[in-house]
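In what follows, a structure is listed as structure tokens, so that the remarks can point back to it.
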Amino acid sequence: MIRVQEQDFDPGSELELLRDHCAGRAGAVVSFTGLVRDLNEGDAIAQLTLEHYPGMTEKALAQIEAHAIEHWNLVAAAIIHRIGPLAPNDRIVFVAAASAHRKDAFSACEYMIDSLKTEAPFWKQEDTPGGKRWVTAVDEPISS
Amino acid sequence: MIRVQEQDFDPGSELELLRDHCAGRAGAVVSFTGLVRDLNEGDAIAQLTLEHYPGMTEKALAQIEAHAIEHWNLVAAAIIHRIGPLAPNDRIVFVAAASAHRKDAFSACEYMIDSLKTEAPFWKQEDTPGGKRWVTAVDEPISS
Amino acid sequence: MVRLRFFASLRETLGTGDEQVELPGDINDISALTAWLQARNDRWHAALDNTRVRIAVNQTIVKPGHPVRDGDEVAWFPPVTGG
Amino acid sequence: MVRLRFFASLRETLGTGDEQVELPGDINDISALTAWLQARNDRWHAALDNTRVRIAVNQTIVKPGHPVRDGDEVAWFPPVTGG
């Protein structure tokens, strides 16, 4: 399940949907929730704005999810990413993997968020006391 | 935060409590939820019953959590484990780690559930078509 | 008095989960205490004669030979399977 | 016509995020298309003269020299920072 949206999401509801979908076949559900930190590189963050590339984003996320489901034999998976303006402690992203065994659920969840951070076309702009600035990529660059 | 209880828990509420507690200091929250599978070693599972050692359980869980918080510099953590009779797809255990960075949150969460499975005094009994049976430990034995 | 605890399959096999015993004067470690319990009968002997059985003193896992004193709580149980 | 997309800091620097252009007859790959856009002025030249700039054709990242055809959507953007 892939969603890109401005509005907030509820991790509890998403986990419950995954569990309903698994219906006894999954023993392990691992989730990652990304939150807006109030400090980055020593500067206070008043607001974070997420820009994305509509269309390509959904394609990239669907590919990441499909690869995870196949490679780790997941029962279910989910990726949700917010766009637009966000405040400190707001949720940005949610990634979850449900599997029969816990190692697979951990590996798949970590793979999905790692891949999202290098392969999905989202860009963060921070609002700091010194003005707006684009966040610089620190992870590996996007690959072809 | 450590809890051992018969009643169900709500992962969404627990994640929200962690987020409130972090208040902008955590960028990553990783959670693990363990569910009752409807099949184990080829047999249908009608019910799973969790026995534990009251007192020692809480001590073991508190040690696991304290080590994770210190080693990975977590902002917050939680371990909840249910006891008593459970049905397929019921939640058994919830472990969560909140950290400034995602690698730490993943490592700490996986450490806590791995340690719980070998160090905390819980025992599972399965109700199968062939009768009740105690689950045999497959992980590393508990250490001193 | 020493409090003896048994859990899971051991509790079922021995038919007891919690008892209080007067510690004989010549018993001062868990290995001697285990041997003393094993002398009760064949069922006790077999159940505790298992290298996978764990022993905790005052709710902390200990190694063979760990001392036991009056007032202690000693527990025997199989490898754990929670989570 | 080819649809040109620019995102994030590149969109801001160039002052455009989305435009349609008629592809000149002698341009048939993204490297030639990028060079043609860089000839617009110094700002365009500098902004696209950066090895970290990624190029996507029809919403898939491509390598230098990838072909461009009439009807394609071509996007330039900096390394991604979501998640």
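Reminder, nothing fancy here: chain letters follow the sequence lines and each chain counts from 1. Keep in mind it's a predicted model, so treat the numbers as computed, not measured.
For C:Ala56, the part sitting under 4.5 Å from any heavy atom of chain B is the side chain, from C-beta outward, and nothing else. For B:Lys124, the parts sitting under 4.5 Å from any heavy atom of chain C are the backbone and the side chain alike.
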Checking side chain to side chain contact (heavy atoms under 4.5 Å, CB included) for the pair C:Glu12/B:Glu51: CA distance, chi angles, key distance, verdict? CA-CA 12 Å; C:Glu12 283 190 345; B:Glu51 177 170 332; over 6 Å; no
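For C:Trp44 and C:Phe6, the ring centers sit closer than 6.0 Å to each other.
Among the residues in residues 62-99 of chain B, those with a non-hydrogen atom closer than 4.5 angstrom to a non-hydrogen atom of chain C are B:His81, B:Ile92, B:Val93.
Side-chain atoms of C:Asn41 come within 3.5 Å of backbone atoms of C:Arg43 as a donor-acceptor pair (strictly under, hydrogens ignored).
No more than 12 heavy atoms of other residues, nucleotides or ligands sit less than 6.0 Å from atom CG of C:Asp42.
Between C:Phe7 and B:Trp123, the two ring planes are parallel [angle under 30°; tilted spans 30° to 60°].
Nearest approach of B:Pro121 to B:Met56, heavy atoms of both residues: CG-CG, 3.7 Å. Residues C:Ala47 and C:Val53 share a closest heavy-atom pair of O-CG2, 3.7 Å.
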